[in-house]
Amino acid sequence: MSQTVDMEKIVAFCKRRGFVYQSSEIYGGIRSSYDYGPLGVEMKRNIKEEWWRSMVYMRDDIVGLDSAIIMHPKVWEASGHVAGFNDMLVESRTSGRRYRADHLIEEATGLDVEGLSAEELTRIIQEDERIKDPVDGGRDFAPVRPFNLMFETYTGPVKSPENIAYLRPETAQGIFVNFKNVLQTSRVKVPFGIAQIGKSFRNEITPGNFIFRTREFEQMEMEFFVEPGTDEEWHEYWIEERFNWYLKLGLNPDNLRKREQTDEERAHYATRGVDIEYNFPFAGWSELEGIANRTDYDLRKHQEHSGANLTYTDQATGKSYIPYVVEPAVGPDRVMLAFLVDAYREEEVRGERRVVLKLHPRIAPVKAAIFPLTKKEPVAKVARQLYDDLKGEHRLFYDDSGSIGRRYRRQDEAGTPFCVTVDFDTLEDRQVTIRDRDTMEQERVPIEAVRERLKSLISG
Ligand code: ATP
């Protein structure tokens, strides 16, 4: 089924239900920064936990890491970010606005200009009459120049050039510089991976599309180290694994595809890159995740710049080499937006409109709501007891206000997959009703069996 939601609606919905707020809203907000509210924080945590579960807990060959955001500045020289982590910036002299030159050209002409130099982009903008300032239609642009996306800061009290530090623009480098530490302190053997989740920062020229592109965001990256020569096969393996992760979590396959990166868009050191894309209703096919064959580029560069020996010796064969790296890299913020638009539905049920988020139970912010049919004892006491017994295992919600119908609607909107109601019959038969969000069907379950029943329903 195609999505039924546009950007305005999803932004309003996210605010109304406490998924995502504009940051610093009482001060008028700050562009491109968002805060995750009570439901949003649960949903984003679930996405990260599902990723961690599949990447780390379910595997014998991957370990986790949590590295610092502020690293030695030489890390970013070695990785090539200081010299080359640039977007092409163009300023309109009529409106004073700044744009990404590639986006400006592509939107006006449909040309694919990925990888062209500043001079080439400047020439296209000057010559092609179709390219205009989207704000005022002006055609007076300054020459295109590269703009480094790394946020700079200073460590210590003196703001001098030797104290410049960067907020990391990707989590991957924290993994590469710890390659040797992990090798020496855990029992890993190539092929193995190191996984990390954390904040990254990019001073994007044109952030936008809500939480799709922001300047501060999170990344979930895993660097999988393999013997050179086996890299292509492993790359293929991770493309399939990662694609299936989305399907298992219920994303509509019609809105999901793999796309081979072109030579121009691929990082110069990567031999192959495949994006997993989602068809957003407001932006079309856009990258959720990139899976790259980074070769031995990063480890080799860090070996050169740091002087540390980053070769690996296979104890069984005696072979020594710098491992190749296959990297699935994804942003949970983007993934959350995809899950939200994919799950959002407006349905007509018995003459009534309901908004429902058909999220996979593992992704849903609240797993189950517990309702007493009435606020009065002893029904309420039984419901409260059930809630207290189960709340340490899942995120639950207790609600005793309003009609049962209204309480269902509230949970449907929040994406809560199951509602458990304690009614008058419960007092006699010790059974409760579990109602399914999607089918709206109800089953009677003995109160003692609710724990196991919910567990199996949630694990899907
Ligand atoms: P894009 O082309 O959209 O800028 P990218 O190819 O530069 O993305 P990578 O460097 O491959 O992105 O980063 C890996 C993942 O991190 C992306 O697939 C995306 O999910 C996430 N990501 C990157 N930049 C942002 C951002 N500004 N806001 C939110 N998520 C981001």
Side-chain angles (χ1 to χ4, degrees), residues 20 23 31-36 40 44 47-48 51 55 76 79-81 84-89 99-103 106 112-115 147-151 167-176 195-223 235 238-239 242-243 245-246 251 256-270 272-278 280 282-294 297-298 325-340:
V20 181
S23 170
R31 189 166 170 226
S32 168
S33 277
Y34 295 95
D35 300 336
Y36 288 78
K44 190 152 77 139
I47 290 168
K48 290 187 282 184
W51 186 87
M55 281 296 184
W76 306 108
S79 68
H81 283 83
F85 193 53
N86 302 317
D87 272 347
M88 294 298 175
L89 172 73
Y99 302 103
R100 260 179 72 167
D102 54 340
H103 287 178
E106 278 165 19
D112 180 4
V113 293
E114 195 86 49
F147 171 78
N148 195 292
L149 298 183
M150 281 199 294
F151 276 97
L167 303 187
R168 67 177 176 203
E170 62 175 30
T171 59
Q173 297 304 324
I175 296 178
F176 296 127
Q196 163 153 249
I197 300 178
K199 286 254 163 134
S200 290
F201 301 82
R202 296 180 187 179
N203 200 0
E204 302 271 2
I205 299 167
T206 44
N209 278 333
F210 196 33
I211 53 173
F212 181 84
R213 185 184 304 284
T214 50
R215 296 196 170 108
E216 171 183 347
F217 57 97
E218 284 190 88
Q219 287 191 308
M220 312 190 282
E221 297 194 292
M222 193 277 290
E223 310 303 318
H235 192 200
W238 279 110
I239 295 164
R242 292 302 307 146
F243 194 77
W245 185 78
Y246 296 96
L251 219 59
L256 205 61
R257 73 173 186 196
K258 299 172 209 150
R259 191 182 61 85
E260 203 71 37
Q261 289 176 5
T262 60
D263 290 348
E264 291 73 29
E265 69 185 295
R266 204 170 51 231
H268 62 91
Y269 50 79
R272 186 181 168 211
V274 169
D275 287 347
I276 296 177
E277 296 188 328
Y278 182 78
F280 284 95
F282 35 83
W285 291 102
S286 314
E287 171 181 341
L288 287 183
E289 167 156 2
I291 301 133
N293 183 343
R294 289 180 83 130
Y297 177 85
D298 301 272
V325 174
V326 174
E327 172 200 75
V330 51
D333 308 273
R334 274 188 194 182
V335 171
M336 177 160 152
L337 188 58
F339 275 124
L340 281 171

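Whatever order the structure lists them in is the order used to number ligands and atoms, beginning at 1. All values below were derived from every heavy atom in this structure, side-chain atoms included, with hydrogens, water molecules and symmetry-related copies excluded.
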Check: Val20 and Leu337 side chains under 4.5 Å, non-hydrogen atoms
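No; the side chains remain at least 4.5 Å from each other.
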
Under 3.5 Å, is there a donor on one side chain and an acceptor on the other for Tyr36 and Asp333?
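Yes, side-chain donor-acceptor contact under 3.5 Å.
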
Under a 3.5 Å threshold, yes or no: a donor from one side chain and an acceptor from the other, between Gln219 and Ser200?
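Yes, because at least one side-chain N or O of Gln219 sits under 3.5 Å from a partner of the opposite role on Ser200.
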
Mind checking what makes side-chain contact (heavy atoms from CB on, under 4.5 Å) contact with Asp87, not counting sequence neighbours?
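Result, side-chain contact (heavy atoms from CB on, under 4.5 Å) vs Asp87: Arg100, Leu149, Glu204, Ile205.
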
Can you list the residues that meet the side-chain contact (heavy atoms from CB on, under 4.5 Å) rule with Glu277, with sequence neighbours excluded?
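Scan of Glu277 (side-chain contact (heavy atoms from CB on, under 4.5 Å), adjacent residues dropped) gives Arg257, Arg259, Asp275, Trp285.
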
Tabulated below should be the N or O atoms of ligand 1 paired with protein N or O atoms at under 3.5 Å; can you produce that?
{"unit_1": "ligand 1", "atom_1": "3 (O)", "unit_2": "Arg213", "atom_2": "NH1", "d": "3.4"}
{"unit_1": "ligand 1", "atom_1": "3 (O)", "unit_2": "Arg213", "atom_2": "NH2", "d": "3.0"}
{"unit_1": "ligand 1", "atom_1": "3 (O)", "unit_2": "Arg334", "atom_2": "NH1", "d": "3.1"}
{"unit_1": "ligand 1", "atom_1": "3 (O)", "unit_2": "Arg334", "atom_2": "NH2", "d": "2.9"}
{"unit_1": "ligand 1", "atom_1": "4 (O)", "unit_2": "Arg213", "atom_2": "NH1", "d": "2.6"}
{"unit_1": "ligand 1", "atom_1": "6 (O)", "unit_2": "Glu287", "atom_2": "OE1", "d": "3.2"}
{"unit_1": "ligand 1", "atom_1": "6 (O)", "unit_2": "Glu287", "atom_2": "OE2", "d": "3.4"}
{"unit_1": "ligand 1", "atom_1": "7 (O)", "unit_2": "Arg202", "atom_2": "NH1", "d": "3.1"}
{"unit_1": "ligand 1", "atom_1": "10 (O)", "unit_2": "Arg202", "atom_2": "NH1", "d": "3.1"}
{"unit_1": "ligand 1", "atom_1": "10 (O)", "unit_2": "Arg202", "atom_2": "NH2", "d": "2.9"}
{"unit_1": "ligand 1", "atom_1": "13 (O)", "unit_2": "Gln219", "atom_2": "NE2", "d": "3.3"}
{"unit_1": "ligand 1", "atom_1": "16 (O)", "unit_2": "Gln219", "atom_2": "NE2", "d": "3.2"}
{"unit_1": "ligand 1", "atom_1": "18 (O)", "unit_2": "Glu287", "atom_2": "OE2", "d": "2.7"}
{"unit_1": "ligand 1", "atom_1": "18 (O)", "unit_2": "Leu288", "atom_2": "O", "d": "3.2"}
{"unit_1": "ligand 1", "atom_1": "20 (O)", "unit_2": "Leu288", "atom_2": "O", "d": "2.8"}
{"unit_1": "ligand 1", "atom_1": "20 (O)", "unit_2": "Gly331", "atom_2": "N", "d": "2.8"}
{"unit_1": "ligand 1", "atom_1": "27 (N)", "unit_2": "Glu204", "atom_2": "OE2", "d": "2.8"}
{"unit_1": "ligand 1", "atom_1": "27 (N)", "unit_2": "Thr214", "atom_2": "O", "d": "2.8"}
{"unit_1": "ligand 1", "atom_1": "28 (N)", "unit_2": "Phe212", "atom_2": "O", "d": "3.4"}
{"unit_1": "ligand 1", "atom_1": "28 (N)", "unit_2": "Thr214", "atom_2": "N", "d": "3.1"}

Among all residues two or more places apart in sequence or in another chain, which pass the side-chain hydrogen bond (donor to acceptor under 3.5 Å, both in side chains) test with Arg202?
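With sequence neighbours excluded, Arg202 shows a side-chain hydrogen bond (donor to acceptor under 3.5 Å, both in side chains) to no residue whatsoever.
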
